[in-house]
Amino acid sequence: MSIVETLKNGIKAIVKNKYGLDVETSSFDLAAPPENQPGHFGSNIAMVLAKPLKKAPFLIGEEIAAALKTMDHIADVEVIKPGYTNLTLKHEFYKTELDNMIRSDSAFKNDLGKGKTVNIEFVSANPVGPLNIVSGRAAAYGDTLANILDYSGYRTVRETYVNDFGRQMHLFALSLMARYLQLYGRNNQVPEEGYQGEYVTDIAKAMKEEKGEIFYKSIGEVSDLEACPQYAQFRAFGLKHVLNWQNRTLEKFGVKFDRWFSETSLHESGEVAGAFKIIEKRGLFYEKEDAVWFKTTDFGDDKDRVVKKTDGGFTYFASDIAYMQNKIKRGTDLIINILGPDHHGYVKRLESIMQGLGYEKERIRVIILQQVNLLEGGEKMKMSKRAGNFVSLDELLESVGKDAARYFFVMRSYTSHLDFDMELAKEQSDKNPVYYLQYAYARLCNIFEKAKEAVKDSTEYNADRISLDVLEKEELELVRAIILIPGYIRESAEREAPNWLTEKVHFLASFFHSFYGKLRVMQEDRGLMLKRLFILKALKRTFEVCFGIIGITPREKM
RNA sequence: GCGCCCGUAGCUCAGUUGGAUAGAGCAGCAGAUUUCUAAUCUGUUGGUCAGGGGUUCGAUUCCCUUCGGGCGCACCA
């Protein structure tokens with residue numbers, strides 16, 4: 001449990017005890033007070049209670065303060081102006097906290113998820129080409145959020161959906177066939193709406209290589225590519241090739257899915273038909289104009305949606321019903337769906353499915369990421385596949401590297417449009433916030449490198465052998481920043497906001513850089529040195545945990 | 001037309017579910033290097049929180065409205 005939770009629970013107990021009121025720990029604040037204000041932590045609890053108790057907040061604050069003063073780890077309590085209740089903690093308490101963080105990863109964890117299983121689906125790109133920038137944002141955001149949830153008491157499943165069933169896949173297969181036949185001098189053309197990209201020819205070449213002359217000869221003369229018996233092989237080869245490609249890209253990006261879920265498999269296993277029966281039984285299907293419709297308007301959608309087309313084929317939406325049922329059946333308590341900016345019309349549809357299957361709407365959470373604008377030196381780059389200036393995730397990684405890419409993608413709230421400046425991300429300077437963090441870590445590592453000579457036995461700065469009784473301003477601020485991190489991990493989870501964490505880690509680095517500029521670690525006064533090494537050991541662990549969550553590399557040297 | 005997101009410092013953005021003097025980074029200005037890495041630090045300039053109305057002890061935050069920007073409104077995926 002984080003220090004903030006511990007203190008909040010203490011306050012909660014006091015309120016219950018004194019006023020017989022149950023307050024949620026999330027209903028009041030406990031945070032660092034503004035500068036010039038006393039105390040290490042301040043709470044607005046008295047103001048929150050003013051209304052229900054019909055009492056002046058200042059008086060409530062004083063009553064709570066009196067009770068707080070009897071608590072173990074509290075040195076002093078002051079009540080300020082309208083009723084802010086500010087606590088000063090005993091340094092001994094900080095020592096215990098830091099020690100916990102050094103000793104075990106569990107000090108960074110919280111129980112927000114209460115062991116619930118959450119399936120978090122992201123990227124889910126069509127398997128017909130390279131991943132783009134929007135997928136990059138989704139990958140970074142989804143993976144980081146999953147990491148945060150891992151620390152917050154959830155059992156996470158990272159999943160991506162492979163749209164290998166529909167029209168896009170079909171067009172891709174036809175495009176590949178045409179390119180393949182062209183390699184043998186035939187004049188087959190890529191369909192009008194097909195995939196014109198050069199990579200299709202590359203895949204065709206790979207296929208030529210692998211399948212050999214015999215395969216080509218078996219095809220013979222065909223006018224209708226789709227009717228050709230070899231069509232399925234092109235489709236399968238293209239799919240496999242692209243998925244491998246996407247997987248390699250994601251690996252470079254530090255993202256690994258637990259499962260790549262095939263849309264086709266839902267049809268083959270009969271799950272689409274099975275899920276249909278459930279919706280049908282609940283009377284949510286009807287026929288109109290020879291098509292089958294789902295009454296999504298019952299659940300707040302603008303219009304009903306087709307699941308089975310006039311030609312008898314299923315829509316993408318139909319697979320989604322089976323897919324959601326599949327996830328639930330696997331024991332998923334909560335489904336998180338991370339979608340691109342052009343999908344906000346899909347939120348109601350997915351919620352409709354959840355409710356149509358007979359579950360509460362709250363079991364699905366759809367997160368819509370806003371668009372990414374790629375800038376180069378402040379100029380907006382217009383991207384279009386047709387114009388050929390389309391930037392793939394591979395190219396982005398090539399040009400700015402994994403660390404900068406991941407950091408830039410999660411440093412802003414998902415509700416905002418993201419300006420991704422390629423120049424800035426490439427730049428190795430103080431303009432680039434990624435280096436600010438990595439530099440802090442490198443400086444830290446350097447201190448420990450130096451410390452090896454002065455302190456042969458690192459247990460000399462274990463918690464039981466140092467004292468935090470006296471702390472200078474910079475030390476105290478750094479210590480406080482460190483011990484607040486586990487609480488921020490929890491808050492990031494609650495808000496589904498990785499950017500909340502990146503901001504706090506940036507502050508943490510800032511406190512350290514300040515500390516570094518002002519105070520020396522390696523020095524004559526051995527007690528002082530050991531104390532600082534102890535604090536920095538906890539800081540190092542904290543950086544490692546946070547970097548791991550964000551997905552950036554802790555570099556020991558820069 | 002309807003729906004979703006957004007409008008906060010010159011630029012890019014935070015803003016802890018309605019609370020302390022609205023915060024960072026960059027850019028600008030003035031400083032710091034015989035000391036563990038200056039990719040750093042210290043100080044400083046810059047705000048009618050798009051406009052208007054409402055709710056209340058208190059609004060950047062909630063409600064209504066106007067204006068401005070982005071995206072979406074398929075028997076495509």
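Here is the naming used below: chain letters follow the sequence lines, and residue numbers restart at 1 for every chain. Keep in mind that this is a model prediction, so the values were computed, not measured.
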Can you tell which of B:U40, B:A14, B:A39 lies closest to the side chain of A:Asn499? B:A14

Per-nt protein contacts along nucleotides 1-9 of chain B (heavy atom under 4.0 Å; B base, S backbone sugar-phosphate only, - none) come out as --BBSS---

Side-chain atoms of A:Arg412 come closest, of B:A14, B:U35, B:C75, to B:A14

Syn or anti conformation of B:U44, syn meaning chi within 90° of 0: anti

Between B:C11 and B:C63, how far apart are the two C1' atoms, rounded to whole Å? 33 Å

Keeping the roles fixed (side chain from A:Thr297, backbone from A:Lys303), state whether a donor-acceptor pair exists under 3.5 Å. no

Are the aromatic rings of A:Phe420 and A:Phe409 close, with centres under 6.0 Å apart? yes

Kindly indicate, with the supporting measurements, whether the criterion salt bridge (charged side-chain N to carboxylate O under 4.0 Å, His left out) is fulfilled by A:Lys450 and A:Glu453. CA-CA 6 Å; A:Lys450 291 271 187 315; A:Glu453 298 153 25; over 6 Å; no

Check this one for me: any side-chain N or O of A:Arg443 less than 4.0 Å away from OP1 or OP2 of B:A39? no

Looking at every strand, decide which applies to A:Gly42 at a 4.0 Å heavy-atom threshold: base, sugar-phosphate, or nothing. base

If you only use heavy atoms from C-beta on, which nucleotide in B:C75, B:C36, B:A77 is closest to the side chain of A:Asn126? B:A77

Short question: side chain of A:His506, backbone of A:Tyr436 - any donor-acceptor pair under 3.5 Å? no

Taking the P atom of each, how far is B:C62 from B:C4, in whole Å? 14 Å

For the C1' atoms, the ones on B:C5 and on B:C13, what distance do you get once it is rounded to whole angstrom? 16 Å

Taking atom types as modelled, find out whether A:Asn163 and A:Gln168 have a side-chain donor-acceptor pair closer than 3.5 angstrom. no

Whether A:Lys309 contacts B:C76 is assessed here as follows: a side-chain N or O lying under 4.0 Å from the phosphate OP1 or OP2. Is that the case? yes

5'-most contact on RNA chain B (nearest-nucleotide basis), A:Trp500 vs A:Asp164, goes to A:Trp500

Are side-chain N/O atoms of A:Thr6 and A:Asn9 paired as donor and acceptor at under 3.5 Å? no

Can you identify which nucleotide, out of B:C75, B:U16, B:A74, has its nearest atom closest to the A:Lys303 side chain? B:A74

Within the structure shown, what part of the strands sits under 4.0 Å from A:Arg167 by heavy-atom distance: base, sugar-phosphate, or nothing? sugar-phosphate

For the C1' atoms, the ones on B:C41 and on B:G68, what distance do you get once it is rounded to whole angstrom? 41 Å

Does a side-chain N-to-carboxylate-O contact under 4.0 Å join A:Lys504 and A:Glu491? no

Should B:A22 form a Watson-Crick or G-U wobble pair with both distances under 3.5 Å, which nucleotide is its partner? none

Determine the contact category for A:Leu369: base if any of its heavy atoms lies under 4.0 Å from a base atom, sugar-phosphate if only primed atoms, P, OP1 or OP2 are that close, otherwise nothing. nothing

Could you check A:Glu289 against A:Tyr439 and say which one's nearest nucleotide on RNA chain B is further toward the 5' end? A:Tyr439

